[in-house]
Amino acid sequence: MGKRYRNTFNGDGTRIMFEEFFSQLESFEIAGSEFSLFSLIIGGIIMLVGIVIARIARIIFNKYYAPVLPEHTAKNFGKMIYFGIIIIAFLVFVTTTGIDFTGLVMAGGILGIVIGFATQSVVSNLLSGIFLLIEKPAKQGDSIELPDSNISGSFVDVGTFSSRVRKFDGTIMRIPNEKFFTSNIRVLTDSPVRRHETMIGIAYKEDIDAAIEVLKKTISARMPFVLHEPEPEFRIEELGDSSVNILILVWHPKQDWGKVAPVLLKIAKNALDDVGIEIPFPQRVIWNGDKPKE
Amino acid sequence: MKLDTESRGKNYANYGLYEIKEELALFFPSVEIRIKRKDESNFSYLRKDPEGKIAEKIVPVQGESMKIEVAPIRPLNYPAHRTNFIYLKFDQEVFLSENATTSFLVRCPVEIGVFLVHDSHKDSMDWFTCDPSQSRFGLYGAPDTGNLCKFYKVPIVKNEFDSIPFHNCVMRLNFENLLGRGYPITKAIFPITDHFLYYKDNKAQLDSLDVTLRKRMIIEYVETAERRLENIDWTKSPSWEKDTETPSMEMGLE
């Protein structure tokens with residue numbers, strides 16, 4: 001056979017050589033469909049080319065188009081392009097090889113139901129992920145809080161089966177899409193400003209208006225991230241056991257929670273200390289009654 | 001070297017170009033800048049700000065001297081660049097009757113930029129504010145849909161030289177009321193990045209703002225447009241805002 005190939009190594013000869021070679025390869029049958037090794041090789045090449053094209057398309061998209069799109073959208077578009085091309089390649093592969101899935105579907109019917117039950121959560125997470133992409137409850141980089149799960153952090157992305165949140169301690173929390181989709185989501189950075197509240201108590205003997213004036217002036221002077229419009233608000237929240245409790249409400253730019261919330265109480269306390277306004281600690285006054293007459 | 005301006009009893013520097021061969025000290029209200037030759041091709045730059053913080057940097061230069069320009073810049077950088085909008089709340093209300101026009105001057109705060117001048121380029125080297133206690137934020141509109149702005153309470157003034165050196169500049173506001181009713185004006189909110197600053201000695205001016213109050217059907221709205229200052233012998237400031245985005249790099253550099 002080797003000799004014959006050498007003799008016909010030109011133009012039509014090459015074609016005849018290949019036809020003869022592949023015709024001698026045995027056909028085989030899977031689920032009622034007949035395949036030849038030739039058709040499988042062609043199919044494999046198609047899939048390989050499909051994957052290469054998908055990768056090239058994703059690289060081109062990431063290089064030229066993704067930078068001008070929001071990060072979240074760019075990532076999802078990238079995935080859509082990649083998997084879209086691979087699915088198209090697979091369909092071409094199926095058509096070329098002549099695979100008939102009817103038999104497989106029939107045979108796999110019962111198995112499908114079993115697998116369906118087993119993969120219920122997988123499908124649920126997949127569908128929840130799609131709904132999350134459509135609804136977009138938060139943008140990539142938004143600070144969010146899931147009060148039900150006691151999770152707060154920066155929203156990273158929605159994946160195929162799970163979403164990721166970078167907690168404020170730097171760790172990544174993976175949340176199944178279904179749970180994320182059905183959770184209450186509090187977006188902390190959607191509005192341009194946020195309000196922070198803190199409470200401070202003064203002694204009953206102190207002048208409330210004077211204390212508020214001191215707090216107002218100090219916050220205005222020492223906290224550049226606190227908004228002057230709307231102005232900080234001061235409310236007498238409670239006549240407590242040991243103190244008159246003043247609730248301080250201040251607005252700040254959404255990004256600057258860290259420059260306001262952790263220091264507000266310290267600044268308020270120092271301001272009251274500086275002017276000698278007492279911040280009482282919990283105390284109990286005990287009265288001794290008169291001795292009963294004998 | 002211009003170090004002769006008498007302002008509030010102190011020798012403050014003027015805005016303008018400075019060429020440093022060996023050493024230079026510039027004084028502004030609560031801020032001090034010292035530039036000194038370190039070696040043949042490097043200068044050291046030191047700034048002490050009103051909060052007592054010291055900023056120090058080394059500036060490599062080509063040539064025998066270092067050239068800087070000190071100029072007023074838009075007041076958007078302190079305490080951090082968060083918005084391009086300015087909210088000027090006037091100390092007095094101006095009532096504009098139906099179909100009336102008016103024009104008045106207000107003070108608008110400025111920050112000060114230090115630019116390194118070389119080969120006809122002006123690179124922002126440093127910036128500061130002489131009045132950090134007045135640089136605050138305000139919200140115009142509702143918390144969910146409003147605009148975050150730099151907020152300043154400003155007085156109405158008489159002429160373009162009526163600014164406090166290094167603290168503020170003067171800008172002209174031109175109003176036209178086409179609403180079909182009288183309207184009280186108490187504030188002006190606009191994106192200041194469309195406006196340029198101009199300086200002369202230690203005084204500064206900002207491009208004017210044209211404000212037209214209009215009504216279409218039942219909706220009342222405001223149109224604003226900047227108007228360039230023309231035919232003035234003031235020097236135009238290089239403009240600059242601190243970029244909050246760090247450029248993306250393989251290894252990271254700030």
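Numbers restart at 1 for each chain; the letters A, B, ... are given by sequence-line order, proteins then strands.
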Of all the residues in residues 245-263 of chain A, which have a heavy atom that comes within less than 4.5 Å of a heavy atom in chain B?
A/Trp251, A/Pro253, A/Gln255, A/Asp256, A/Lys259
Could you name the residues of residues 164-187 of chain A that have a heavy atom within less than 4.5 Å of a heavy atom in chain B?
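Result: none.
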Verify the neighbour count for atom [atom1] of [X]: are there more than 12 heavy atoms of other residues, nucleotides or ligands below 6.0 Å?
X        : atom1 : answer
A/Phe281 : CZ    : no
A/Asp241 : CG    : no
B/Phe161 : CZ    : yes
B/Phe104 : CZ    : yes
A/Phe161 : CZ    : yes
A/Lys79  : NZ    : yes

Quick one: of B/Asn147, B/Thr83, B/Asp144, who has the most non-hydrogen atom pairs under 4.5 Å with chain A?
B/Asp144
As an exercise: rank A/Pro224, A/Ser220, A/Ala221 by heavy-atom pairs under 4.5 Å with chain B and give me the winner.
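Heavy-atom pair counts peak at A/Pro224.
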Quick check on side chain to side chain contact (heavy atoms under 4.5 Å, CB included): which of B/Lys89, B/Arg136, B/Gln134 does A/His228 satisfy it with?
B/Arg136
Name of the residue among A/Val193, A/Leu227, A/Val226 meeting side chain to side chain contact (heavy atoms under 4.5 Å, CB included) with B/Phe137
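Running side chain to side chain contact (heavy atoms under 4.5 Å, CB included) over A/Val193, A/Leu227, A/Val226 with B/Phe137 returns exactly one hit, A/Leu227.
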Can you tell which part of B/Tyr87 gets under 4.5 Å to a heavy atom of chain A, answering side chain, backbone, both or neither?
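When you check distances to chain A, only side chain atoms of B/Tyr87 fall under 4.5 Å.
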Given 3.5 Å as the limit, does a donor-acceptor pair link the side chain of A/Arg194 with the main chain of B/Pro143, or not?
no
